S.K.: 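Structure incoming, see below.
Throughout, numbering of the chain's residues begins at 1 and tracks the sequence. Just so it is clear, the structure is predicted and the values come from calculations on it, not from any experiment.
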Amino acid sequence: GKEGHVSTEKKEKVMIYLFRSISYWALQRCCCVPRASACLQTGAAVTNAAATTTATTKMRGRRGGAAAIGAALLFLAAASLGAHANTDSNDVTALNVFYTTMNHPPQLKNWVSQNGDPCGQSWQGITCSGSRVTAINLPGMSLNGTLGYNMNLLTALVQLDMSNNNLGGSDIPYNLPPNLEKLNLAGNHFTGTTPYSISQMVALKDLNLAHNQLSTISDMFNQLTNLTTMDISFNTFSGNIPQSFNSITSLKTLYLQNNQFSGTIDVLANLPLTDLNVANNQFTGWVPDKLKKISSLQTTGNSFSNGPAPPPPPATNPTPTPTPMPQRPALPSSNDNNGPSGSGSKHSKLQGGAIAGIVICLLVLGAMFAFFVIKRKSWKLSRGRDPEQKEPLSPLASGFKQMKSIKIISTTGKDQFQKTVSMSLKPPTKIDLHKSFDENDLTTKSVTRKISLSSIKIPAYTVADLQIATGSFSADHFISEGSFGRVFRAQFNDQKRSWL
């Protein structure tokens, strides 16, 4: 009996040692990943198992102790396996940040801002496949704040539904999960521009951004060939529909109503649409005939033309491209740009030079035309210029002073006499061209008679006689101005009148 009692105590000591070793091993395995709650749960399970086993060993003896040891070992194995059900660390980090940016909403059960196990602890709205988070569905939860800035870490996420909450007040964060197939952010308060990261979601099938305050939509749909449903209605988008819409070759449903889009909807003509709503925008032009065949089409609230659409432009055969001649490579310079941007810059410089040349030619032609008009006007003024202002009579007087005494023959009587006159002459006074003269003094009657040329005698007068006969070339004797000079009326002593 004494020996049996000793052996029983030894067995108890051995079992306690085994439980301590197993407990230490289980805690070490569990806490290799920083999950505080899982470690505490495992530690509590190990402690309870040890206490239960010890008590059972004392009470039941050898057989009961063996059964208790087996139960404890199974429990510890289960706890150890549970510790290996941890969520991917990148997913946990992204969800921790997401919970923080939503201002720690208490309605999300089991969510924490540090560590945690979304898959193992069944966080509300989280769906997992293995250790990866594949879906987040939290619609209508009265959540505020915004999305996390590092949600691109959720590389296994294929569905994100945060519709009908109070998220936003700013732009949609740039780093959205890259492999989404369904993105629903409708019924929030997001503003600004649609993020470029949407353009990289090549697997995206369903996009819903309706009922926000988004104002700018980028031309970024070239790669979204799998997109079948898109709803961007009830925002403030304006301008033309992005040209890259024609690349969404799988699009069946498109809702654009209640925005401020303008221009035409021709870019949608070749899409396989079965449901189209473009109501209450600022579209103009015609609805393409292909779109009129859609069973569910709404176009009210726009400025579409009701008449028949104009025929499409005739197809033009592509002109053959001439074979480029080999050219010598140009020497590199510091001003040259590499790649297509450099050629575009050269092309723009050539266009700028051509425009500058055209402008310079137009300026030169305009200057020549203006010079011609001014020259012609001055020529006309010189033809009808004012003799009082344009040509002073001083040169005429100087010419008179240089004339010598001349001999004249007067035929006023029967006697002929010869005399020499030398006197100083005065230039004619200024003439008022606007002063009228007596038109009755002019002989208006024309006299026609035959005159023998041999009997004509041309009298000669001195300058003094002319000055006396014209009153020193006064304005009273001025008649007009011709192409050869001025014309004066002269009256001599024999009562004869002449025009000089």
Side-chain angles (χ1 to χ4, degrees), residues 135 137 139-140 158-165 172 176 180-188 190 193-195 198-309 312:
N137 293 294
V158 295
Q159 182 173 340
L160 176 61
D161 187 355
M162 301 298 298
S163 59
N164 300 318
N165 284 290
I172 300 174
L176 294 177
L180 286 177
E181 296 180 3
K182 181 179 180 180
L183 174 61
N184 189 350
L185 301 178
N188 285 285
F190 291 109
T193 306
T194 54
I198 294 179
S199 67
Q200 306 301 311
M201 300 177 186
V202 294
L204 189 64
K205 298 179 180 179
D206 191 342
L207 174 63
N208 193 343
L209 303 176
H211 293 274
N212 283 282
Q213 289 89 43
L214 299 170
S215 58
T216 304
I217 183 169
S218 303
D219 195 2
M220 59 179 188
F221 297 90
N222 290 319
Q223 300 186 58
L224 304 185
T225 56
N226 295 314
L227 189 62
T228 59
T229 302
M230 180 164 60
D231 187 355
I232 57 173
S233 60
F234 292 91
N235 282 282
T236 59
F237 293 124
S238 60
N240 296 332
I241 298 176
Q243 193 65 31
S244 58
F245 267 43
N246 59 9
S247 300
I248 315 176
T249 54
S250 300
L251 193 62
K252 302 291 184 180
T253 302
L254 177 61
Y255 296 143
L256 303 177
Q257 69 269 22
N258 293 88
N259 280 286
Q260 300 174 17
F261 284 114
S262 58
T264 67
I265 60 173
D266 295 343
V267 69
L268 308 177
N270 295 321
L271 299 180
L273 294 169
T274 58
D275 190 359
L276 175 62
N277 191 338
V278 295
N280 301 321
N281 280 281
Q282 300 174 10
F283 289 118
T284 56
W286 289 267
V287 178
D289 293 336
K290 293 182 179 180
L291 297 181
K292 292 180 180 179
K293 300 176 182 178
I294 296 176
S295 57
S296 179
L297 174 64
Q298 299 183 45
T299 61
T300 58
N302 289 284
S303 301
F304 288 119
S305 299
N306 296 325

S.K.: Working to the nearest 0.5 angstrom, can you tell me the gap between L180 CG and L207 CG?
M.R.: 10.0 Å

S.K.: What are the two closest non-hydrogen atoms of Q213 and N188, and how far apart are they?
M.R.: NE2-O, 4.3 Å

S.K.: Test your reading of the model: is there a side-chain donor-acceptor pair from N212 to the backbone of L185, 3.5 Å cut-off?
M.R.: yes

S.K.: Could you go through I172 and L209, starting from their C-alpha distance and side-chain angles, then the distance that decides it, and tell me whether this counts as side chain to side chain contact (heavy atoms under 4.5 Å, CB included)?
M.R.: CA-CA 10 Å; I172 300 174; L209 303 176; 4.2 Å; yes

S.K.: My understanding is that only residues two or more places apart in sequence, or in another chain, count here; which of them pass side-chain contact (heavy atoms from CB on, under 4.5 Å) with N226?
M.R.: none

S.K.: Do the non-hydrogen side-chain atoms of I248 and M230 ever get within less than 4.5 Å of each other?
M.R.: yes

S.K.: When you compare the side chain of L214 with that of T193, does any pair of heavy atoms fall below 4.5 Å?
M.R.: no

S.K.: Tell me, do I217 and P242 make a side-chain contact under 4.5 Å, heavy atoms counted?
M.R.: yes

S.K.: Would N208 and Y255 count as having a side-chain donor-acceptor pair, cut-off 3.5 Å?
M.R.: no

S.K.: Grab the two heavy atoms, one from Q282 and one from N302, that are nearest each other, plus how far apart they are.
M.R.: N-OD1, 3.3 Å

S.K.: Below 4.5 Å, heavy atoms only, C-beta onward: do N270 and N246 meet side chain to side chain?
M.R.: no

S.K.: If I compare all heavy atoms of M220 with all of S199, which pair ends up nearest, and what's the gap?
M.R.: O-CB, 3.1 Å

S.K.: Are L160 and N184 close enough that some pair of their side-chain heavy atoms sits under 4.5 Å apart?
M.R.: no

S.K.: Calculate, to the nearest 0.5 Å, the distance between atoms CG and OG1 belonging to N281 and T299 respectively.
M.R.: 11.0 Å

S.K.: Answer whether the closest heavy-atom distance between the side chains of V278 and Q298 falls below 4.5 Å.
M.R.: no

S.K.: Have S244 and D219 got a donor and an acceptor in their side chains that come within less than 3.5 Å?
M.R.: yes

S.K.: Report the C-alpha distance between T249 and L271 in whole Å, list the side-chain angles of each, state the deciding distance to 0.1 Å, and finish with yes or no for side chain to side chain contact (heavy atoms under 4.5 Å, CB included).
M.R.: CA-CA 6 Å; T249 54; L271 299 180; 5.6 Å; no

S.K.: For S247, enumerate each residue passing the side-chain contact (heavy atoms from CB on, under 4.5 Å) test, keeping only those at least two apart in sequence or located in another chain.
M.R.: N222

S.K.: Which is it for Q243 and V267 under the side chain to side chain contact (heavy atoms under 4.5 Å, CB included) test, yes or no, and what are the steps along the way?
M.R.: CA-CA 6 Å; Q243 193 65 31; V267 69; 3.9 Å; yes

S.K.: Does a donor on one side chain sit under 3.5 Å from an acceptor on the other, for Q159 and N137?
M.R.: yes

S.K.: Roughly how far, to the nearest 0.5 Å, is the CG atom of L268 from the CG atom of L256?
M.R.: 6.5 Å

S.K.: Test of understanding: with side-chain contact (heavy atoms from CB on, under 4.5 Å), list the residues that count as partners of D266, not counting sequence neighbours.
M.R.: T264, P288

S.K.: Is it the case that D275 and T253 place a side-chain donor and acceptor less than 3.5 Å from each other?
M.R.: no

S.K.: Testing the basics here: between T194 and F237, what is the closest heavy-atom pair and its distance to 0.1 Å?
M.R.: CG2-CZ, 4.1 Å

S.K.: Nearest 0.5 Å, what's the NZ-CG distance between K252 and L227?
M.R.: 12.0 Å

S.K.: Below 30° counts as parallel, above 60° as perpendicular, anything between as tilted: where do the rings of F234 and H211 land?
M.R.: parallel

S.K.: Under a 3.5 Å distance rule, please check whether N259 uses its side chain to pair with a backbone N or O of N235 as donor and acceptor.
M.R.: yes

S.K.: Do T229 and K205 have side-chain heavy atoms sitting under 4.5 Å apart?
M.R.: no

S.K.: Looking at every non-hydrogen atom in both residues, tell me the closest pair between K292 and L297 and how far apart they are.
M.R.: CA-CD2, 4.0 Å

S.K.: How long is the span from the CG atom in D206 to the CD atom in E181, to the nearest 0.5 Å?
M.R.: 10.5 Å

S.K.: If I take atom CG from residue N280 and atom OG from residue S233, how far apart are they, to the nearest 0.5 angstrom?
M.R.: 10.5 Å

S.K.: Between W286 and F304, is the side chain to side chain contact (heavy atoms under 4.5 Å, CB included) condition met? List the steps.
M.R.: CA-CA 5 Å; W286 289 267; F304 288 119; over 6 Å; no

S.K.: Within a strict 4.5 Å, meaning less than it, do heavy atoms of the N277 and L254 side chains meet?
M.R.: no

